[in-house]
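Step one of this worksheet: look at the structure below.
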Number of protein chains: 2
Amino acid sequence: MTSWISQFRRGLLELCVLNLLQVQEGHGYQIVQRLKEIDGLDIRESTVYPILARMKTEGFVAVRDEPSPGGPPRRVFRLSASGRERMRSLNAYWDLLTEAVDQLRSGRKEASEGNLS
Amino acid sequence: MTSWISQFRRGLLELCVLNLLQVQEGHGYQIVQRLKEIDGLDIRESTVYPILARMKTEGFVAVRDEPSPGGPPRRVFRLSASGRERMRSLNAYWDLLTEAVDQLRSGRKEASEGNLS
DNA sequence: CCTCGGTACTATGCTTCACGTAGTACGTAG
DNA sequence: CTACGTACTACGTGAAGCATAGTACCGAGG
């Protein structure tokens, strides 16, 4: 991983997980699969599980075990009240940041015309 | 600093500095002052100087000294060609991320209005 | 002169978190 | 009984934001 890309993801991944769980509870593996589909995120198990563990110890999610049709038992995560609160905080700050960046970039000359690599 | 807020800023601050310097060269202290004005960033000297140092060792900026009217000599930073390249990369990835988050948040449930699943 | 405050930068250590790698365990198909 | 998909855990590394502290130059006021 090109390292600086990882840096951008800091904190953002928790926001993504929270927003996913806000829609519907899910188990770790499932969340990993969903996040993998999202372009630009390219996330791995070893990143997601620690996030979920952290969120559990901080009380943002409730956990219960559930049997799996083909594998070891799943740990299903469900957003708690404080988790939804957290999500709102992160979303709000994220919006603030994106707005700040937009502002900073728009006042200035040209922005990067579509060139990703 | 509430800790999780700092995490969001990862990498983003370099992007901000690059975009500032793209408009006009400037010295460290000046860049700090400018970034401080930006809402939601709330940045400090001890964060900015290391970024500038890093950018220098990686060749993204050229540095020259300049006398100050009221203080020790200033170190003036100017974006290099590879610095502009870097800026484009970061901007592109940032755009990708914001789009991904927008997508993730909008495709799911509601943004604000009550519309349960 | 000497201190105080603003300017301008440097140095050190802490902490958080993404990620790589590896390992455990369950189930089914061949 | 091997191999593969599922599902999770554990450990170590490294990057970077930040707090704190220190250095140094300058002008104004007592």
Side-chain angles (χ1 to χ4, degrees), chain A residues 1-18 25-36 38 40-58 60-61 63-77 90 93 97, chain B residues 1-18 26-36 38 40-58 60-61 63-77 86 90 93 97:
Chain A
M1 194 59 45
T2 329
S3 91
W4 66 262
I5 291 195
S6 303
Q7 301 306 324
F8 265 141
R9 293 204 253 260
R10 287 263 176 160
L12 188 55
L13 299 177
E14 182 182 340
L15 181 144
C16 290
V17 172
L18 285 166
E25 59 175 21
H27 60 274
Y29 193 77
Q30 188 179 36
I31 292 169
V32 172
Q33 303 309 320
R34 285 201 196 136
L35 289 177
K36 273 185 181 166
I38 299 178
L41 244 49
D42 183 43
I43 210 172
R44 326 220 157 258
E45 303 186 352
S46 55
T47 303
V48 176
Y49 286 116
I51 290 173
L52 291 168
R54 222 183 297 144
M55 281 169 52
K56 184 196 168 191
T57 65
E58 293 179 24
F60 299 140
V61 288
V63 189
R64 74 182 140 79
D65 283 21
E66 204 169 70
S68 160
R74 297 164 167 169
R75 318 207 68 197
V76 179
F77 298 87
L90 294 199
Y93 188 61
L97 274 189
Chain B
M1 194 59 46
T2 329
S3 88
W4 65 263
I5 293 195
S6 302
Q7 301 306 323
F8 265 143
R9 292 203 255 261
R10 289 263 176 160
L12 188 56
L13 299 177
E14 182 182 340
L15 182 145
C16 289
V17 171
L18 284 166
H27 60 274
Y29 193 76
Q30 188 179 35
I31 292 169
V32 173
Q33 303 309 319
R34 286 200 195 138
L35 289 177
K36 272 184 181 167
I38 300 178
L41 246 48
D42 182 41
I43 210 172
R44 327 226 156 253
E45 301 187 353
S46 54
T47 302
V48 177
Y49 286 116
I51 290 174
L52 291 168
R54 222 182 299 145
M55 283 169 51
K56 186 197 167 191
T57 64
E58 293 179 25
F60 299 139
V61 288
V63 190
R64 73 182 143 78
D65 284 22
E66 204 170 70
S68 161
R74 296 164 168 171
R75 318 206 68 198
V76 179
F77 297 86
R86 171 77 152 199
L90 294 198
Y93 188 62
L97 274 188

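Residue numbers begin at 1 in each chain, while the letters A, B, ... track the order of the sequences.
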Distance in angstrom units between [X] [atom1] and [N] [atom2], rounded:
X	N	atom1	atom2	value
B:Glu66	C:dC9	CD	C1'	15 Å
B:Leu12	D:dG17	CG	C1'	12 Å
B:Arg74	C:dG6	CZ	C1'	12 Å
B:Ile43	D:dA19	CD1	C1'	14 Å
A:Tyr29	C:dC26	OH	P	17 Å
B:Leu52	D:dG17	CG	P	11 Å
A:Asp65	D:dC8	CG	P	9 Å
A:Asp42	C:dC19	CG	P	8 Å

Could you tell me which non-hydrogen atom of [X] sits nearest to which non-hydrogen atom of [Y], and how far apart they are?
X	Y	result
B:Pro50	B:Glu45	CD-O, 4.1 Å
A:Leu52	A:Gly28	CD1-CA, 3.7 Å
A:Phe60	A:Glu58	CE1-OE1, 3.0 Å

Does the pair B:Asp42 and B:Leu35 meet the rule for a side-chain contact (heavy atoms from CB on, under 4.5 Å), with working shown?
CA-CA 7 Å; B:Asp42 182 41; B:Leu35 289 177; over 6 Å; no
Is a donor on one side and an acceptor on the other found under 3.5 Å between the side chain of B:Tyr93 and the backbone of A:Gly40?
yes
Would you tell me if any nitrogen or oxygen in the side chain of B:Arg44 comes within less than 4.0 Å of OP1 or OP2 on D:dA19?
yes
Side-chain N or O of A:His27 versus OP1/OP2 of D:dA7: is the shortest distance under 4.0 Å?
yes
Check against side-chain contact (heavy atoms from CB on, under 4.5 Å), A:Glu14 and B:Phe8:
CA-CA 10 Å; A:Glu14 182 182 340; B:Phe8 265 143; over 6 Å; no
Could you list, one pair per line, each protein nitrogen or oxygen that sits under 3.5 Å from a nitrogen or oxygen of nucleotides 10-17 of chain C, together with the distance?
| from | atom 1 | to | atom 2 | distance (Å) |
| --- | --- | --- | --- | --- |
| C:dT10 | OP1 | B:Arg75 | NH1 | 3.1 |
| C:dT16 | O2 | A:Arg10 | NH1 | 2.9 |
| C:dT16 | O2 | B:Arg10 | NH2 | 3.3 |
| C:dC17 | O4' | A:Arg10 | NH1 | 2.6 |
| C:dC17 | O2 | A:Arg10 | NH1 | 3.3 |
| C:dC17 | O2 | A:Arg10 | NH2 | 2.4 |

Summarise protein proximity over nucleotides 25-30 of chain D in one line of letters, 5' to 3': B for base, S for sugar-phosphate only, - for none, counting protein heavy atoms closer than 4.0 Å.
B-----
End axis versus end axis in the helix from C:dC1-D:dG30 to C:dG30-D:dC1, the angle rounded to 10°, five pairs used at each terminus
20°
Would you call B:Arg10 and A:Leu12 a side-chain contact if the rule is heavy atoms closer than 4.5 Å?
no
Does the side chain of A:Cys16 come within less than 4.5 Å of A:Leu41's, by heavy atoms?
yes
Pair A:Gln30, A:Arg74 - check side-chain contact (heavy atoms from CB on, under 4.5 Å), show working.
CA-CA 10 Å; A:Gln30 188 179 36; A:Arg74 297 164 167 169; over 6 Å; no
Can you measure from NE2 (B:His27) to CZ (B:Phe77) and round to the nearest 0.5 angstrom?
10.0 Å
side-chain contact (heavy atoms from CB on, under 4.5 Å) between B:Val48 and B:Leu13, intermediate numbers included:
CA-CA 8 Å; B:Val48 177; B:Leu13 299 177; over 6 Å; no
